[in-house]
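A quick write-up on the structure given underneath.
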Amino acid sequence: MKDMTAAFVYDLNGLDRSEWISRVDDICEESGHFEPVGPKHSALFIDAGRTLLVTFESEHDARNRNRDGAPLGWQFVNKNGWSSLTLLAGDTMDWYRHPAIFGYFDRMIDDGFFDDFDQILFYGTGAAGYSAAAFSVAAPGARVLAIQPQATLNTSIAGWDRRFPQARRLDFVSRFGYAPAMVETADHVTVVHDPSIAEDAMHASLFNASNTTHLRCPYLGPEAGAALQNMEILPAMLDAAMDGTLDHGTFAPLWRRRHEYMPYLRTLFYRLDASDAHPKLMARLCRAVTKDADRPMFNKKLAEMEQIADSVAR
């Protein structure tokens, strides 16, 4: 394994797509490998140490959401000395169900690639969370962090999930198919979901093996992975998941960051408002949000709640 902690330098911000692909290719060829996998995916490997982070990401998210416009795992090459394997999806998301992906993992298994690492974490969110769980079976004993994963989109099992009509023709049966069965060989699995999103809660309930911890994040919203990144707690979650210490106790102080995250607070506001919550509960939220900043929407609602409280007192 190479020592990349001092030498791995990159900045991919501001590049157009062709420049980005070319630069990523060059970096990977210098430090690992870059390999097209079928017509829609690529495998990006950075060889840095005996700990491996396997991430499933879309090209769009890597370029536009991640720090430095790079695959998520690359920041951990420098920060922690981890190796990084990114399975990168192109312009459409197909839940990594292409036979070329199956073949890639078959070859990695046959070559003993995963045997070279002391600890491995598979990570993804949404469709990529499904894939992280499903392909973790390629490295028995690995750990998994899956945010809002689907268990399957096989209509005989998950016909109630009608959010992804484009996925109904995909094969979720033959190879690496049913994610809850694929994680049975994992050392530990952490599933993060928003229980207020019914479909996500139903998928999460299918991950019910004894090696699984559920972290419930009410009102985090349909883009939970992006929200956790924006709250700046995802790196700490990945650190803990890799160490095997991500549980309710270690997550609780991280999850408290939501009290400073305005998209979460606005979602909570709208939910409480729509449910005709008790005025004291709404007033408590509005006071907390307006304590250190001027928030017109919350200020207005707080005045309404205080007026109601005054009228009741009289």
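The first residue in the sequence is number 1, and the count goes up from there. Just so it is clear, the structure is predicted and the values come from calculations on it, not from any experiment. Side chains are part of it too, since the values below use all heavy atoms of this structure and drop only hydrogens, waters and symmetry mates.
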Hits for ring-ring contact (aromatic ring centres under 6.0 Å, His included) against Tyr96, two or more places apart or cross-chain, chain-then-number order -> His41, Phe56
Once rounded to the nearest 0.5 Å, what's the spacing between atom [atom1] of [X] and atom [atom2] of [Y]?
X	Y	atom1	atom2	answer
Leu302	Met297	CG	CE	12.5 Å
Asn13	Asn64	CG	CG	9.5 Å
Leu268	Asp273	CG	CG	11.0 Å
Gln148	Glu199	CD	CD	10.5 Å
Thr267	Tyr261	OG1	OH	8.5 Å
Leu228	Cys217	CG	SG	6.0 Å

Compare every heavy atom of [Y] with every heavy atom of [X], then report the nearest pair and how far apart it is.
X	Y	value
Gln119	Gly141	NE2-O, 4.2 Å
Ser58	Asp61	OG-N, 3.0 Å
Ile147	Gly225	CG2-N, 3.9 Å
Ala167	Phe172	O-CE1, 3.7 Å
Gly129	Ala146	O-CB, 3.7 Å
Ala132	Gly124	CB-N, 3.7 Å

Determine whether a donor-acceptor pair (N or O, by modelled atom type, separation under 3.5 Å) exists between the side chain of [X] and the backbone of [Y].
X	Y	answer
His248	His214	yes
Asn80	Phe76	no
Arg63	Leu15	yes
Asp111	Phe113	no
Arg143	Met242	yes
Ser31	Cys28	no
Thr55	Glu57	no
Asp194	Leu220	yes
Trp20	Gly69	yes
Ser22	Glu19	no

Among Gln150, His203, Arg168, find the one that has a side-chain hydrogen bond (donor to acceptor under 3.5 Å, both in side chains) with Asp161. His203
Specify whether Phe114 and Phe105 have parallel, tilted or perpendicular ring planes, treating 30° as the upper limit for parallel and 60° as the lower limit for perpendicular. parallel
More than 12 foreign heavy atoms under 6.0 Å from [atom1] of [X]: is that the case here?
X	atom1	result
Phe34	CZ	yes
His33	NE2	yes
Arg107	CZ	yes

Which of Leu53, Ile120, Leu52 passes side-chain contact (heavy atoms from CB on, under 4.5 Å) with Trp82? Answer is Leu53
Same cluster or not: [X] versus [Y], using hydrophobic residues (I, L, V, M, F, W, Y) connected whenever any side-chain heavy atoms lie under 4.5 Å apart?
X	Y	result
Phe298	Leu272	yes
Leu206	Leu153	no
Ile197	Val191	no
Leu121	Leu234	yes
Val173	Ile157	no

Could you please spell out the steps behind the side chain to side chain contact (heavy atoms under 4.5 Å, CB included) verdict for Leu88 and Val24? CA-CA 11 Å; Leu88 195 68; Val24 166; 5.9 Å; no
Any non-hydrogen side-chain atom of [X] less than 4.5 Å from a side-chain atom of [Y]?
X	Y	value
Val289	Met262	yes
Arg295	Leu265	no
Val144	Met182	no
Arg271	Ser196	yes
Leu12	Asp68	no
Arg287	Glu306	yes
Ile27	Ile46	yes
Met237	Thr190	no

May I ask you to decide whether Glu59 forms a salt bridge with Arg17, counting only side-chain N to carboxylate O separations under 4.0 Å? yes
What do the steps show when you test Gln229 against Arg65 for side chain to side chain contact (heavy atoms under 4.5 Å, CB included), and what is the final call? CA-CA 9 Å; Gln229 274 189 302; Arg65 287 184 174 177; 4.2 Å; yes
Would you sort out whether Met93 and Phe164 count as a side chain to side chain contact (heavy atoms under 4.5 Å, CB included), showing the intermediate values? CA-CA 10 Å; Met93 177 55 70; Phe164 312 108; over 6 Å; no
Does anything in residues 122-142 form a side-chain hydrogen bond (donor to acceptor under 3.5 Å, both in side chains)? List the pairs, not counting sequence neighbours. Arg97-Tyr130
Residues 252-259 side chain polar contacts: donor-acceptor under 3.5 Å, at least two apart:
residue : atom : partner : partner atom : Å
Arg257  : NH1  : Met231  : O            : 3.4
Arg257  : NH1  : Glu232  : O            : 3.4
Arg258  : NE   : Tyr264  : OH           : 3.3
Arg258  : NH1  : Trp255  : O            : 3.0
His259  : ND1  : Arg256  : O            : 3.4

Check the pair Met282, Phe269 against side chain to side chain contact (heavy atoms under 4.5 Å, CB included), reporting the backbone distance first and the verdict last. CA-CA 8 Å; Met282 179 63 87; Phe269 175 93; 3.9 Å; yes
Quick note, salt bridge (charged side-chain N to carboxylate O under 4.0 Å, His left out) partners involving residues 239-255, not counting sequence neighbours, are Lys79-Asp239
Partners of Ala209 by side chain to side chain contact (heavy atoms under 4.5 Å, CB included), sequence neighbours excluded? Asn211, Thr212
Of all pairs that satisfy ring pair (Phe, Tyr, Trp, His ring centres under 6.0 Å), the ones with a partner from residues 176-195, not counting sequence neighbours: Phe102-Phe176, Phe135-Phe176
